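Only a predicted model underlies this, so the values are computations on that prediction, with no experimental measurement involved.
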Amino acid sequence: RTAMSEDFKKQIILRYCQEFLPTEEKTDRVIFKTSQDIQDELSLMVDVTVDDIAQVMVELGYELTISPEGHPAWMMEFR
């Protein structure tokens, strides 16, 4: 992997995340997404790993929690 391709992938993930806000409260507005969910949504645009996504999510301050389905997931809200 080159530094340029890593930066490109990060920019795509960051752009995706701009549609959401991190949240710490489990309200009815919260969306639970796994890194795999995000990877699936971006798969038609860029080949990113769940590790790439998790790194950006942590950098942006997203909280990792257990979703109502019982899976680890990121807590998000639409902007």
Could you list the donor-acceptor pairs under 3.5 angstrom formed by side chains in residues 28-35, with sequence neighbours left out?
unit_1	atom_1	unit_2	atom_2	d
Lys33	NZ	Tyr16	OH	3.0
Lys33	NZ	Glu41	OE1	3.3
Lys33	NZ	Glu41	OE2	2.6
Thr34	OG1	Gln36	N	3.3
Thr34	OG1	Asp37	N	2.9
Thr34	OG1	Asp37	OD1	3.4
Thr34	OG1	Asp37	OD2	3.2
Ser35	OG	Trp74	NE1	2.9

Sequence-distant partners of Glu19, salt bridge (charged side-chain N to carboxylate O under 4.0 Å, His left out), two or more places apart:
Arg15
Report yes or no: do Ser67 and Glu69 form a side-chain donor-acceptor pair below 3.5 Å?
yes
Please tell me whether Leu21 and Val58 are part of a single hydrophobic cluster in this structure, the criterion being side-chain heavy atoms less than 4.5 Å apart.
no
Do the side chains of Val50 and Val46 join up, straight or via other hydrophobic residues, at under 4.5 Å, putting them in one cluster?
no
If you measure from [atom1] on [X] to [atom2] on [Y], what distance do you get to the nearest 0.5 Å?
| X | Y | atom1 | atom2 | answer |
| --- | --- | --- | --- | --- |
| Gln55 | Leu60 | CD | CG | 10.5 Å |
| Lys10 | Ile13 | NZ | CD1 | 9.0 Å |
| Lys9 | Thr49 | NZ | OG1 | 6.5 Å |
| Glu24 | Thr27 | CD | OG1 | 12.0 Å |
| Asp52 | Glu6 | CG | CD | 5.5 Å |

Hey, does Ile12 have a side-chain heavy atom less than 4.5 Å from the side chain of Val48?
no
Give me the atom names and distance for the closest heavy-atom approach of Thr65 to Met75.
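Between these two residues, the closest heavy atoms are CG2-CG, 3.1 Å.
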Smallest separation among heavy atoms of Ile66 and Lys26, with atom names
O-NZ, 3.5 Å
Counting heavy atoms not belonging to Glu25, are there more than 12 under 6.0 Å from its CD?
no
Counting only heavy atoms not in Asp40, do more than 12 sit closer than 6.0 Å to its CG atom?
yes
Between Met57 and Met76, is the side chain to side chain contact (heavy atoms under 4.5 Å, CB included) condition met? List the steps.
CA-CA 10 Å; Met57 298 301 280; Met76 319 169 83; 3.9 Å; yes
